[in-house]
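Hydrogens, waters and symmetry mates are skipped; everything else that's a heavy atom, side chains included, is used. Chain letters run A, B, ... following the sequence lines, proteins first and then strands; every chain starts at 1.
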Amino acid sequence: MGGATRPGYIADMSDAFTMPGGFRLLPGYFDRAAQQALIDLVVTASRSAPFWRPAMPRTGQPLSVQMTNFGPLGWVTDKAKGYRYEACHPETGQPWAPMPDTLLTLWREVSDYPAEPEACLVNWYAPTSKMGMHIDWDEEATDAAVVSVSLGDKARFRLGGPKRGGKTASMVLSSGDVVVLGGASRRCYHGVDRIYPGSSTLLSDEHFPGGGRINLTMRRVTIPG
DNA sequence: TAGTGCCC
DNA sequence: GTAG
């Protein structure tokens, strides 16, 4: 933890990370059968909205994850237009697959928000993929929680505060876990340090060459009217 | 810097 | 090889 720890000394807790309000980890929310059903839905959706590799604004640097989306809106990014939500796949021009009922049910159970999620970003982490620390800024409905589901290999997730460079906490997320970024945590930095390759058998090599991890992230984008 | 690389 |  914080500061130098030497043998014989008890760590000073004065610099401990304080978990932001509204953060919830629900371990083992989905059992194996439910995890498999969600992966099957991702595979089906990817036939009409295939995984593609997004790029950073301005630099065009590719992200290490591949993406697709469920729902009426999908998060996309490219060199020319940057981070935004779009109704259609950037390469095929086809609408995203509909939001699965299982995910709508999850949202109603944990989001404490009076309207449906409009976007579910599907991130495929290869064994070497990472996600740098960032805050989700591209939604108008900033009061709605972000709800995410981990599937496949374990990942080291890191949560910080509302400013860069502050103290952080990390935790291992396993297949079937649900994370809710609500309240203050909705505006906190977070990212994925690393994947633990081969820690799950959920992702078949046929559909996900090399395996890895799928993360489903639901968000309300527009303010309900 | 929703990235990468290097260094302790 | 890891964690930060």
Side-chain angles (χ1 to χ4, degrees), chain A residues 1-7 11-20 23 51-71 73-86 89-91 96 117-142 144-173 179 181 185-199 212-221:
Chain A
M1 302 308 288
T5 55
R6 286 165 295 179
D12 177 359
M13 289 290 110
S14 63
D15 59 351
F17 178 75
T18 302
M19 198 63 69
F23 173 82
F51 282 97
W52 92 102
R53 191 178 300 280
M56 303 272 294
R58 296 178 296 279
T59 65
Q61 262 289 316
L63 304 195
S64 63
V65 295
Q66 293 185 265
M67 296 182 169
T68 184
N69 289 271
F70 290 115
L73 292 174
W75 190 84
V76 302
T77 173
D78 57 29
K79 180 174 181 172
K81 295 186 180 177
Y83 307 148
R84 64 201 188 275
Y85 284 90
E86 294 278 0
H89 191 285
E91 291 175 353
W96 310 106
E118 294 166 302
C120 179
L121 176 58
V122 181
N123 281 328
W124 175 20
Y125 291 77
T128 56
S129 293
K130 295 176 235 177
M131 183 69 75
M133 296 292 280
H134 68 279
I135 299 177
D136 297 11
W137 279 115
D138 307 305
E139 302 77 27
E140 296 166 9
T142 58
V146 172
V147 177
S148 85
V149 183
S150 296
L151 298 166
D153 281 348
K154 294 179 197 300
R156 180 164 293 275
F157 175 78
R158 185 168 298 277
L159 179 63
K163 295 178 302 184
R164 281 194 185 281
K167 298 175 182 72
T168 64
S170 73
M171 63 203 80
V172 175
L173 300 182
V179 163
L181 290 176
S185 70
R186 176 65 177 77
R187 288 304 193 187
C188 287
Y189 278 88
H190 57 278
V192 173
D193 295 348
R194 60 161 303 195
I195 301 300
Y196 295 91
S199 54
R213 170 177 186 256
I214 292 286
N215 187 247
L216 310 175
T217 306
M218 276 183 288
R219 304 184 185 96
R220 177 71 196 194
V221 179

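Following rounding to the nearest Å, A/R53 (CZ) and B/dG3 (P) show an atom-to-atom distance of 12 Å. We find that NE2 of A/H134 is positioned 13 Å from C1' of B/dG3, with the value rounded to whole Å. Rounded to whole Å, atom C1' of B/dA2 lies 9 Å from atom CG of A/N123. Between A/Y85 atom OH and B/dA2 atom P there is a gap of 14 Å when expressed in whole angstrom units. Following rounding to the nearest Å, A/R194 (CZ) and C/dT2 (C1') show an atom-to-atom distance of 8 Å. Here the P atom of nucleotide B/dT1 and the CG atom of A/L63 are 15 Å apart, to the nearest Å. Regarding A/M56, its CE atom lies at a distance of 9 Å from the P atom of B/dT1, rounded to whole Å. A/D78 places its CG atom 16 Å from the P atom of B/dG3, with the value rounded to the nearest Å.
Once rounded to the nearest 0.5 Å, the distance linking NE2 of A/H134 with OH of A/Y189 reads 10.0 Å.
Residue A/V192 forms a side chain to side chain contact (heavy atoms under 4.5 Å, CB included) with just one option from A/R158, A/K130, A/R213, and that option is A/R213.
Under the Watson-Crick or G-U wobble criterion, with both distances below 3.5 Å, C/dG4 is paired with B/dC7. The pairing partner recorded for B/dA2 is none, the criterion being a Watson-Crick or G-U wobble arrangement whose two distances lie under 3.5 angstrom.
Distances from the side chain of A/S64 to the nucleotides B/dA2, B/dT4, C/dG4 place B/dT4 closest. The side chain of A/R156 lies closest to C/dA3, out of B/dT4, B/dA2, C/dA3.
The ring of A/W75 lies on top of the base of B/dA2, close enough and flat enough: under 5.5 Å between centres, under 30° between planes.
At the heavy-atom level, A/N215 lies nowhere under 4.0 Å from the strands shown. Residue-level contact check: A/R58 touches neither bases nor backbone, having no heavy atom under 4.0 Å from any strand. Within the nucleic acid shown, A/P62 comes within 4.0 Å of sugar-phosphate atoms alone, with no base atom in reach, counting heavy atoms only. When heavy atoms are screened at a 4.0 angstrom cut-off, A/M131 is found touching base atoms of the nucleic acid.
Distances shown here put a side-chain N or O of A/R158 below 4.0 Å from the OP1 or OP2 atom of C/dG4. Remark: A/R84 is not in phosphate contact with B/dA2, judged by side-chain N or O atoms under 4.0 Å from OP1 or OP2.
The separation of B/dT1 from B/dG5, taken at their C1' atoms, amounts to 14 Å, rounded to a whole angstrom.
One side chain, A/W75 or A/D138, offers a donor N or O that lies under 3.5 Å from an acceptor on the other.
Partners of A/T217 by side-chain hydrogen bond (donor to acceptor under 3.5 Å, both in side chains), not counting sequence neighbours, listed by chain and number: A/N215.
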Using salt bridge (charged side-chain N to carboxylate O under 4.0 Å, His left out), reason through A/R84 and A/D78 one step at a time and then give a plain yes or no.
CA-CA 9 Å; A/R84 64 201 188 275; A/D78 57 29; 3.0 Å; yes
